[in-house]
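Remarks on the structure that follows.
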Number of protein chains: 4
Amino acid sequence: MKNSSVQDSVKKAAVDLFATQGYATTSVQQIVEAAGVTKGAMYHYFRSKDDLLFAIYEQLLTLQGERLSQIVDSGLPTQETLRAVCVDVIETSIDYLPEGTVFFRSVHMLSDERQEEVKRRRRKYHDDFSSIIERGQREGVYRADVPRAVLVAHFFSDVHYLSHWYSPAGPESKGKIAAQITDLFLDSLSADAPARRR
Amino acid sequence: MKNSSVQDSVKKAAVDLFATQGYATTSVQQIVEAAGVTKGAMYHYFRSKDDLLFAIYEQLLTLQGERLSQIVDSGLPTQETLRAVCVDVIETSIDYLPEGTVFFRSVHMLSDERQEEVKRRRRKYHDDFSSIIERGQREGVYRADVPRAVLVAHFFSDVHYLSHWYSPAGPESKGKIAAQITDLFLDSLSADAPARRR
Amino acid sequence: MKNSSVQDSVKKAAVDLFATQGYATTSVQQIVEAAGVTKGAMYHYFRSKDDLLFAIYEQLLTLQGERLSQIVDSGLPTQETLRAVCVDVIETSIDYLPEGTVFFRSVHMLSDERQEEVKRRRRKYHDDFSSIIERGQREGVYRADVPRAVLVAHFFSDVHYLSHWYSPAGPESKGKIAAQITDLFLDSLSADAPARRR
Amino acid sequence: MKNSSVQDSVKKAAVDLFATQGYATTSVQQIVEAAGVTKGAMYHYFRSKDDLLFAIYEQLLTLQGERLSQIVDSGLPTQETLRAVCVDVIETSIDYLPEGTVFFRSVHMLSDERQEEVKRRRRKYHDDFSSIIERGQREGVYRADVPRAVLVAHFFSDVHYLSHWYSPAGPESKGKIAAQITDLFLDSLSADAPARRR
DNA sequence: CATGAATGAGGTTTCATTCAT
DNA sequence: TATGAATGAAACCTCATTCAT
């Protein structure tokens, strides 16, 4: 059952170190020691430290992009689709909490081209999310008095913030938290929100 | 108690560079060049690069702490107090957008003691915010079916996320954005939120 | 005794790369990529990078040594022999311009023993050349007021320098240049040179 | 009598090491050890190893450029001017034999821009030299049946080649060698060269 | 108060070569 | 014969900080 190729063990070690110490403060030396490989082996698979960082981004972007597509393609009604998407993003983000920490904290350490690549893919993701909201607005179930960009940011801010306060070791289960945050978001998104009835 | 111009210009230069390039990627040399002072002068006022980073945190923490106290002390009704606090935090955060960027991105670069200090003061801030919500819950105007910690995180996530998407150069004014985000939050916080009426 | 195509293509690629980028700046990886073979294959035929460099020297030293012997053995009169030798060395050097560039620029990168070997063979070559001049001096057709070592150096400096300025793509043909340089040399070598008649 | 600034001692050590071992094979560590300074101090004055190499070129180019101008400006008759120039270049090159070795052997290790700069200044130098020959040709004292570019190369090849065979420790004095080589060159350059009288 | 030369530890990366397959 | 993953030593360079002036 050989499973720990050099690539995997290096990436794993890197994520953990980057998440706890930060990208810049983590030396390649520390990474290869933690991964139990030599520096040369690491550089055989990753062209640079930057490459390694990007590989972490790649993985997460691809994963979340695929899951979003799957849910959207399943053809559920709008409100069920959005709820499923929200819950899924939050749960996935909790599953990849260290990756998320690195993601939001170290984007600016990537090379310029790669920052662009990441931005492009994030934008695509947000656009798809935004389209679901737009559909709901046309159906009259979501409020339209707030710019869609603000609504989208309002949701992703929660996802972003997870790694700052949530701990899987804490009292709340992943599913519960996902449901609670999703409820809060959908409540504020509703065409029927309290402020709208004033 | 006159402010030395060296201190100010160095801090200003540092904030801008840290926000655009990141703390680790910015050299002391770059800072002093941008500030138009010499290295010796800088080290006369700041014991270390870490010191300089902390000074930025200090300023923001103190400012926001003071403003929170002022509003709470003004004796308004609960709901008006919370609304005022939310709007103020968002507006202040927009006024200090680069500082915010640095704040959230580079906490882990501070020395351990200083990270503790920052955490301590942030926690105090969140606790004060939480107390207002607790008051509203006792008064029956805020929902109580979601842990207060989640409600607090739900709000501060928006503050945190501002520097990731909001640009003062964009179409939306500071005041409008603050009102919109506050509305979204208060709608979801309401004891009368849609989901609660199901 | 068939030549392996690997050997040839590697040597060819190496000469070109060494000539354009320098020996030290060219990696084995670059060579094998340019040659379209794998590293393992290369190391099957050449024990080391040094080996490869020496093979280039070998080829040129052998070639020029053989041609010199042939001309000398042909039994022409002294002056015709020397002219033929000069023209031939220059033309051969032009045919092997990249090899020459590498030759003169990278001798010091060879292992000590191999540097000795190269020096030994170059000395032999210069000695043979010097003998022709000596014969002419005894016959009274070449000047003897300048040490023979200086005369020899005076000629080979031109050969050496070719790769620094001559381009086969330029306006002058190989034969013409060879004739011109030979003329200049033989004019200065003549017992009848202008300065000698002063 | 403080004389050995960091700059000077580093440059001196570098020239010697580059001349004996080659640029690529000499480590910065070796240089600073030989110079008796720390790496940090060296990098305070030289931005890179390349910078250090270029400083050596700069010095030689400037020196020889200035001397050429001085002689040309002195207003001597053409033939005396050319003789003086030739002798001077050779003698200077002997004074700076290690620099010369480095010069011709390691030009290709400089950054592209700097190679251009060196080429530009060398071309200027050769052009000035060529102008003197042109003047002599118009006066009818120098042959015109060989392209001037070839005549110029014929002379500088000797200068170039000096470091390959001449040793100041050998039997021939600097002045004698300079005179002998100059004579050979001027003899071949003469409108009255033997081959021309055939 | 201010300077800026000097320190020295540590960082990322390259690369010729080996060796199990 | 040929592969290419892996080695490990050494290379160049950066930078926060100190200190004599």
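The chains referred to below are lettered A, B, ... by the order of the sequence lines, with proteins before strands, and numbering in each begins at 1.
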Please give, in whole Å, the distance from F:dC15 C1' to B:Met109 CE?
13 Å
All salt bridge (charged side-chain N to carboxylate O under 4.0 Å, His left out) counterparts of A:Arg121, not counting sequence neighbours:
A:Glu58, A:Glu117
Does C:Phe104 have any side-chain contact (heavy atoms from CB on, under 4.5 Å) partners at least two apart in sequence or in another chain, and if so, which?
C:Arg122, C:His160
d(CD1, A:Ile31; P, E:dG11) in whole Å
11 Å
Taking side-chain hydrogen bond (donor to acceptor under 3.5 Å, both in side chains) as the test, write out the residues that go with C:Asp16, two or more places apart.
none
With sequence neighbours excluded, what pairs up with D:Tyr45 under the ring pair (Phe, Tyr, Trp, His ring centres under 6.0 Å) test?
none
Tell me, please, which residues at least two apart from B:Asp51 pass salt bridge (charged side-chain N to carboxylate O under 4.0 Å, His left out).
B:Arg114
Tell me every residue that passes ring pair (Phe, Tyr, Trp, His ring centres under 6.0 Å) with C:Phe54, counting only those two or more places apart in sequence or in another chain.
none
Interface with DNA chain F, restricted to residues 10-30 of chain A and to heavy atoms under 4.0 Å:
none
In whole angstrom, give the distance that lies between atom CG of D:Leu53 and atom P of F:dC12.
13 Å
Would you indicate whether D:Tyr96, at its atom OH, is surrounded by more than 12 heavy atoms from other residues, nucleotides or ligands within a distance under 6.0 Å?
no
Secondary structure of DNA chain F per the Watson-Crick/G-U criterion (both distances under 3.5 Å; [ ] crossing, | other strand, . unpaired) is .||||||||||||||||||||
To the nearest angstrom, how far is D:Glu33 atom CD from F:dA10 atom C1'?
13 Å
Could you note down all residue pairs passing ring pair (Phe, Tyr, Trp, His ring centres under 6.0 Å) where residues 23-44 of chain D supplies at least one of them, sequence neighbours left out?
D:Phe18-D:Tyr23
For B:Val6, does its backbone N or O pair with a side-chain atom of B:Lys11 as donor and acceptor, under 3.5 Å?
no
By side-chain contact (heavy atoms from CB on, under 4.5 Å), A:Ser163 pairs with (sequence neighbours left out) A:Leu97, A:Thr101
What does the list of N/O pairs under 3.5 Å between the protein and nucleotides 4-7 of chain F look like, with a distance for each?
from	atom 1	to	atom 2	distance (Å)
F:dA5	OP2	A:His44	NE2	2.6
F:dA5	O5'	A:His44	NE2	3.2
F:dA5	O3'	A:Tyr45	OH	3.4
F:dA6	OP2	A:Tyr45	OH	2.4
F:dT7	OP2	A:Thr38	OG1	2.4

Going by atom type alone, with no hydrogens or angles, which donor-acceptor pairs under 3.5 Å involve a side-chain atom of residues 32-39 of chain D and a protein atom two or more places apart or on another chain?
from	atom 1	to	atom 2	distance (Å)
D:Glu33	OE2	D:Gln29	NE2	3.0
D:Thr38	OG1	D:Ala41	N	3.2
D:Lys39	NZ	D:Gln29	OE1	3.2

Ranking B:Ser48 and D:Lys49 by the position along DNA chain F of their nearest nucleotide, the one closer to 5' is D:Lys49
Could you tell me how far apart B:Tyr43 (OH) and F:dT18 (C1') are, to the nearest whole angstrom?
9 Å
Which whole-number value in Å describes the distance from C:Leu52 CG to E:dT17 P?
10 Å
Rounded to the nearest Å, what distance is computed from the CG atom of residue C:Asp51 to the C1' atom of nucleotide E:dT17?
13 Å
